[in-house]
Structure formats: C-alpha cells, structure tokens
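First up is the structure itself, then whatever we jot down about it.
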Amino acid sequence: MNTFEFIIIIIALILGGFTKGLTGLGLPMVSIPIMANYIGTERAVMILIIPTIVLNLWLAIINRDERHAIPELPAMLLFGVPGAILGATFLYLAPDKVLDTILALWVLVYLLIRFLKKDFELSLRARKFFSLPTGFLAGALQSTTGISAPIIASYIDALGLNKRGYVYAVSICFATLSCAHLLALLVYKAISTEQLITSLLAVIPAILFVQPGIYLRDVFSQRIFDVIIKMLLFIMAIQIIHRTWL
C-alpha cells in the first residue's frame, strides 16, 4: 500500500463514519465506492468488514430497546447467512470487472429507489412474505459488494418504524450479515492476516467520526445532507463504470 492509497482509504473511512453517524447509513455506501476507484472493489470490501461489524454492533446495542418492533427480523437474518456465504463464494471467484460493475449498478439502483420511494407501509402479511428473500438477497449483496443497503434500507423503510427502531433494524442486519461474510472468508481462507489487521485498524478513523456526525445531525438540515450523499454516491458510481468499461 503506497502513501496515496493510504490517504484515500483514510478519507473514505472518515467520510463513511461521519455519514454513518449523521444518517444511520453510509459507511459502506460512501467508503467502498471511494476506495474502489483506487484500490479495487475486492480490497475495499475486505477493509470495510470489521469497521462495518463494530459500528453497527455499537448502534444496535444502544438502540436494543427497539428489538421487539420487528418480529420477522430473526428469520430474515437466518436467510441472510446462506446468502452471505453464496456471495462470498462469488467474491472469491469473480473477476474485479464483474464486482466493480455490480457495485456501480447497485449504487445507482439504491439512488433510484430513494428518488422514487413513496410513503407506504407493508402489511404484516407482506412483511412475512418479503422478509426471507430480502434476507437472502441482502446477504449475497453484502458479500459481493460490501453493501446490502439497497435491499435492507428499502425494506426497513417500508415498515413504518420510529427513528430508533429503524436504526436498530438496519444496524443489526448489517452487523449480522457482515459477521457471516467474515466467517465465510475465513472458511475459504480468502482473507489474509494482513487484510484482517488492516480492517481492524480501519475501525479507528471510522469510529472517531461517527460521533461528530451524530452531533451535526440536529444542527444542519438532514435534507441537505441527504442530497449531498446522493450526489456523492452518483459521482462515485459513474466513476467506477467509467474506469471499468470506458
């Protein structure tokens, strides 16, 4: 790793941690596209594994009083584990070009969902029906791109939860799927000791900037930050597509 790559990784982790504190989402969604443009998607995914686990476990613990708001969550996460294992297999075997394309397309899909999303709430019957395939697809997406937000966020948004319930749900989902992803990589011996140490050290810049994001959440307009995040993600996705195919 050269000095330039190191600086890019630190900047990506700082922006991702800050956005995570600000919105409850954003660590992989912001950090991985930034890093992928310079170090490749696979390396970026590896670096974000442990920070994703640590930050989401932290947020899930401090919001654990909302754990009863989503009764279908355990079953959804149970189906996410085989999805994560399948995705880890794909990550191990697939070329970078395929991974980069998946990442860019999913970021664009996520932005489209956020742009078109209307205010609606899934019925209890629909929640039970969609929870299992949602968990499986989110697990697969988490392992292949490091980002399951396009699946998880759209589903959780449709449940009509309060703020703390939303934060708990997305955090416990991301933490569980990331743990399954890490376990699969260890079983396949697809992650080296050096990569594990790098991922562990990456927790520091990410977690240091979560709290400033939380503080500024109540100071600045959430809508303005949402627009900035969407613009950043769009630019990153276009850059990945340009680097990969043009």
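Just so it is clear, the values below take in all heavy atoms, side chains as well, and ignore hydrogens, waters and symmetry mates. As the structure is a computational prediction, the values presented were derived from the model and not from experiment.
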Which heavy-atom pair separates Gly17 from Leu27 by the least distance, and what is that distance?
-> N-CD1, 3.7 Å
Taking a hydrophobic cluster as the set of Ile, Leu, Val, Met, Phe, Trp and Tyr residues connected by side-chain heavy atoms closer than 4.5 Å, whether directly or through intermediates, do Ile34 and Ile11 fall within one such cluster?
-> yes
Working for side chain to side chain contact (heavy atoms under 4.5 Å, CB included), residues His181 and Thr52 = CA-CA 11 Å; His181 180 198; Thr52 299; over 6 Å; no
Non-hydrogen atoms of Ser31 and Gly16 that approach each other most closely | OG-CA, 3.4 Å
Report yes if some heavy atom in the side chain of Leu159 is under 4.5 Å from a heavy atom in the side chain of Ile156; otherwise report no.
-> yes
Steps toward side chain to side chain contact (heavy atoms under 4.5 Å, CB included) verdict (Val203, Ile53) | CA-CA 9 Å; Val203 173; Ile53 293 172; over 6 Å; no
Single-linkage hydrophobic cluster Leu78~Phe130, side-chain heavy atoms < 4.5 angstrom | no
For residues Leu196 and Leu186, determine if any side-chain heavy atom of one lies less than 4.5 Å from a side-chain heavy atom of the other.
-> yes
Hey, is the main chain of Asn63 close enough, under 3.5 Å, to the side chain of Glu66 for a donor-acceptor pair?
-> no
Identify the two heavy atoms, one from Ala36 and one from Ala44, that lie closest to each other, and give their separation to 0.1 Å.
-> N-CB, 4.1 Å
Say you draw a straight line from CG of Leu55 to CZ of Phe174; how long is it, rounded to the nearest 0.5 Å?
-> 12.0 Å
State yes or no: do Leu13 and Phe4 share one hydrophobic cluster built from I, L, V, M, F, W and Y residues joined by side-chain heavy-atom distances below 4.5 Å, directly or via other members?
-> yes
Do Tyr168 and Asp65 touch side chain to side chain, with heavy atoms closer than 4.5 Å?
-> no
Ser199 side chain vs Ile50 backbone, donor-acceptor pair below 3.5 Å = yes
Under the side chain to side chain contact (heavy atoms under 4.5 Å, CB included) criterion, do Asn2 and Phe6 qualify, and how do the steps go?
-> CA-CA 6 Å; Asn2 57 43; Phe6 177 78; over 6 Å; no
How long is the span from the CD1 atom in Ile49 to the OG1 atom in Thr198, to the nearest 0.5 Å?
-> 11.5 Å
Would you check if Cys173 and Leu73 make a side-chain contact, meaning some heavy-atom pair closer than 4.5 Å?
-> yes
In Å, rounded to the nearest 0.5 Å, how long is the span from CD1 of Ile9 to CG of Leu201?
-> 11.0 Å
Is there a path from Ile8 to Ile235 through hydrophobic residues (I, L, V, M, F, W, Y) whose side chains come within less than 4.5 Å of each other?
-> yes
Val170 vs Tyr166 side-chain heavy atoms within contact, under 4.5 Å | yes
Phe209 and Ile10: same hydrophobic cluster, using ILVMFWY side-chain contacts below 4.5 Å?
-> yes
Looking at side-chain heavy atoms only, is the closest gap between Phe18 and Val30 below 4.5 Å?
-> no
When every non-hydrogen atom of Glu72 is compared with those of Ser131, the smallest separation belongs to CG-CB, 3.7 Å
Can you name the closest pair of heavy atoms from Leu59 and Ser171 and give their distance?
-> CB-OG, 3.3 Å
Measuring from Ile47:CD1 to Glu42:CD, what's the distance to the nearest 0.5 Å?
-> 11.0 Å
CG on Leu182 to OG on Ser178, rounded to 0.5 Å = 9.0 Å
Distance, nearest 0.5 Å, that separates CE of Met76 from CD1 of Ile172 = 10.5 Å
Trp58 versus Val210, closest heavy-atom pair with distance | CZ3-CG1, 3.5 Å
Polar side-chain atom of Arg67 near backbone of Arg64 as donor-acceptor pair, under 3.5 Å | yes
Sub-4.5 Å side-chain heavy-atom contact between Glu5 and Met35 = no
